[in-house]
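Here is the structure we will look at, set down as structure tokens.
Given the structure is predicted, the values throughout are model-derived calculations rather than measurements.
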There are 2 protein chains.
Amino acid sequence: MPGTKCATPAHKLNGHHSLALFFKIPCIDALQIVNKVLRGLRANFNWYNHYITFHDGVTVRNPMSVFATDRIEADYLVETAFPVDAAVAVMAGEQSSGTFVPLPGETAELKARSAARVERIDIVEEDVGDGPSLPGARHPGTGPVKRARVTLSWPVANIGPSLPNLMATVAGNLFELAQFSGLRILDIRLDQSFAAAYPGPKFGVEGTRRLAMVDNGPLIGTIVKPSVGLGPSETAALVTRLAEAGIDFIKDDELQSDGPACPFEDRVKAVSQAIERHAERTGKRVMFAFNLTGDLDQMRRRHDFVVSHGGTCVMASLNSVGLVGMIELGCHAELPIHAHRNGWGYLSRHPLLGWSYIAWQKLWRLAGADHMHVNGLDNKFCEANDSVIASARQCLTPLWPDKPCIAMPVFSSGQSALQPPETFRLLQSTDLIYAAGGGIMAHPDGPAAGVESLRSAWEAAVSGTPLEEQARRDRALARAIEAYS
Amino acid sequence: MPGTKCATPAHKLNGHHSLALFFKIPCIDALQIVNKVLRGLRANFNWYNHYITFHDGVTVRNPMSVFATDRIEADYLVETAFPVDAAVAVMAGEQSSGTFVPLPGETAELKARSAARVERIDIVEEDVGDGPSLPGARHPGTGPVKRARVTLSWPVANIGPSLPNLMATVAGNLFELAQFSGLRILDIRLDQSFAAAYPGPKFGVEGTRRLAMVDNGPLIGTIVKPSVGLGPSETAALVTRLAEAGIDFIKDDELQSDGPACPFEDRVKAVSQAIERHAERTGKRVMFAFNLTGDLDQMRRRHDFVVSHGGTCVMASLNSVGLVGMIELGCHAELPIHAHRNGWGYLSRHPLLGWSYIAWQKLWRLAGADHMHVNGLDNKFCEANDSVIASARQCLTPLWPDKPCIAMPVFSSGQSALQPPETFRLLQSTDLIYAAGGGIMAHPDGPAAGVESLRSAWEAAVSGTPLEEQARRDRALARAIEAYS
């Protein structure tokens, strides 16, 4: 098992460890610093200080301090009956140096140093017409309700490269401002200091493929169903059945972590044995994402238990553990982390409130998520297909050129052999997990035919063969089309 | 400083430690167990097991297992165009043993053991009339859009007493179900096993009053403003000024934790000195809530730094740290935790989506929050007054009779001397923190008059004296009424 360590935040590095970072920014100060460090001189400094003072008393400019001039950006969709620029100015004030009356301490210099800046306002609708989207907003008395796309920026120096504090800055009190009858965060852009401060996914696409032994095409996956109710040995029996059906990946349900009716350790033991036995017979080791969601000590202990039993994946519910939980798990993990987004609906379902997945998934990838759920085409929930594809595409888009933090998108919810062609046509990638429940287990000829039908549908998708044509050569696919259409 | 330790979850207790728990449930089995434990016999068991097997092989019924028959309940407001009972059955299925097709493993016995149960459906609107509240919902083709109040329950045995897993169970995938054009969680009721598993607030009202040296009436508080931009010494200067003005409580802004422009430790040092100097002069030690929001190690280190500098309160942003972060902080903390709810708007602003504060605040109190933000009457945000008061009332309502977990409600946002009478009339309590920014700093006669006007307004409120009458005796109040009306 690879033992990748958590990346040390840049501000915890001492001079020696920082050498590599310095070499990225060659300048006279950097050379001075390198010289001093090579001579064994130590210095206390933070990445954000403009100057570094060495123990011999010499002070030089910190070449890393270019970061201190960098800014965080966030895009929003807003709806307001007020003049848009005035309303957005309130938003920027609330999220930086503002209060409802001017205070003695607020100098122009202070504002220049710390204020959020309105970078851009694009009116997208001059008159919404059918009234405010959310209740509680004030109305200035005249003027139509307008919608705009807005970009704000903040100096990184306001918070430093801290994900929890980023959250309060880009997504804090602003959703409650009475100037707005709609406010949704659409995207965020973080500077390089965040890349240095957090590990990001340790496995991503390549590491997952290696551990799941799948070189090409999507990982064909499934979920342990029923969601809750199976004991450890019943779960293991299901795993054996699915392994024999040719599955690549199985995940626990998000409702099942360490319930008394199916204790985590007993489940890991039973399932690992089943996977091991199948691997001995066939050489294929199915990846199982054990849901270790819980308090921190529990998660660490459960993670280590999975490692000691030869497991290859763990799973956590993001909204259950929160950012700090995920950051800690990300640092601790020696296995890919399958990140479940249950609860996503309350963050996103109203189109003029909350979070777009484009913004939200960035935080969790940086914290260490290797797999991110994105729903699936024609799902049983209420998300539209274009939103699903936009989410998946984002997970496969690098955060930074030299630190891409790619997470494998996980398609699930009502998936069967029917959706692969359209999924591939829109995404143009097979770096994904394609998870089906009933789409495998309820195949009329059994789970093996279910798995076969999915692989066949993906082969057709990638080669550009129409599904019906492929179905003429493949009975499992033909039967699946019949059953799920 | 009191060093209360985190309560050990019941399932981690060994026989000896559990004695006290057993004595609560006297029965023949409990006596047998006590006998065996007193004889030094050990047994491995979990709180949820129906039977305990001792090392001498004897098996007895576990009196604690009454918990295993207990259930978690949650209330929801739902909106659907489908027959309500059919839609709610889907909801219960999604959050327990369901999938979109019946599966081989789903036996009647398993369902009986694990399924969520629909406890109650009350139709509150037979025909909403103006169409679905949220987009994306399916419509069966006929029938009006209805609203109902619904109660579901789950066996505790599905998840055990785990807050993170509770989150996935009561507030997981259900918000996205296409059967619903509205779904909001209104309340949750947890069984006693949760009380045993988490510490709850360690200080609450009494501990906060002791540390803040305020025996009666609300703590009069304020926020460091401008939110960001002040350095450590500027912050300390402001603290001195506020202390001299007679303040009880000051909090960092949620946008300021450990930003490079105002490093946490430098701020703690400077502010603590200011507080100490004032305490030496006057005997009054102002409570300052240092915002330690960050990664886990940072939060622990910062907490310890505050303790070592004689501080009396720390603050964390709940949506920034998440449940695991808060649980860890709750276990670690030796000081009251001031819990900030910034971001609450994205969880709650649409009346048919997300979370009611009644449900949400219970999770955080159990995790350890001593102070919970509730907004204020006539606030600058868009929350209505009845919602503010309902939130505050809940924070002061016991979670369990023998483990009340009371958190002090924190009133803030646009507060001045104007709101205390109505706040007290509706809440009938002064166990709260009343925080004003401009309501103190922008008082025409300065901050001391600002603080005085607030105390005077609260005295009037409690004694039932009309504000105008009180103002005739108190110039600071009279001037405040003039300035803020």
What is the minimum heavy-atom distance between [X] and [Y], and which atoms define it?
X         : Y         : answer
Asp295(B) : Pro164(A) : OD1-CD, 3.4 Å
Asn342(A) : Gly172(B) : OD1-CA, 3.7 Å
Lys380(B) : Glu94(A)  : NZ-OE1, 3.0 Å
Cys382(B) : Gly136(A) : CB-O, 3.0 Å
Ser227(B) : Ser96(A)  : CB-O, 2.7 Å
Ala157(A) : Pro260(B) : O-CD, 3.0 Å

Check salt bridge (charged side-chain N to carboxylate O under 4.0 Å, His left out) between Glu328(A) and all other residues, then give those that pass, not counting sequence neighbours.
Arg300(A)
Measure [X] against the heavy atoms of chain B and call it side chain, backbone, both or neither at under 4.5 Å.
X         : answer
Ala384(A) : neither
Arg184(A) : neither
Met326(A) : neither

Nearest 0.5 Å, please: how far is [atom2] in [Y] from [atom1] in [X]?
X         : Y         : atom1 : atom2 : answer
Leu255(B) : Ser114(A) : CG    : OG    : 10.5 Å
Leu323(B) : Ser317(A) : CG    : OG    : 11.5 Å
Glu254(A) : Met167(B) : CD    : CE    : 13.5 Å
Arg349(B) : Leu352(A) : CZ    : CG    : 10.5 Å
Leu347(A) : Leu347(B) : CG    : CG    : 6.5 Å
Leu296(A) : Cys331(B) : CG    : SG    : 10.0 Å

Are any of the side-chain heavy atoms of Pro351(A) and Pro135(B) separated by less than 4.5 Å?
yes
Can you find a heavy atom in the side chain of His340(A) that is under 4.5 Å from one in the side chain of Asn173(B)?
yes
List the steps and the verdict of side chain to side chain donor-acceptor pair (under 3.5 Å) for Asn379(B) and Glu176(A).
CA-CA 10 Å; Asn379(B) 57 75; Glu176(A) 294 172 80; over 6 Å; no
Turns out that what part of Leu353(B) lies under 4.5 Å from chain A's heavy atoms comes down to side chain
Pick from [options]: which one has the most heavy-atom pairs with chain B under 4.5 Å?
options                                    : result
Ser348(A), Ser257(A), Cys262(A)            : Ser257(A)
Val321(A), Ile159(A), Leu177(A)            : Val321(A)
Gly345(A), Ala171(A), Ala137(A), Ser320(A) : Ser320(A)

Measure from the side-chain N and O atoms of Asn165(B) to the backbone N and O of Thr293(A), and report whether any donor-acceptor pair falls under 3.5 Å.
yes
Please determine, among Ala115(B), Ala168(B), Ser133(B), Ala316(B), the option with the most heavy-atom pairs under 4.5 Å with chain A.
Ala168(B)
From the list Glu383(B), Arg341(B), Arg138(B), the residue making the most non-hydrogen contacts under 4.5 Å with chain A is Arg138(B)
Who pairs with Tyr346(A) by ring-ring contact (aromatic ring centres under 6.0 Å, His included), at least two apart in sequence or on another chain?
Phe175(B), Trp355(B)
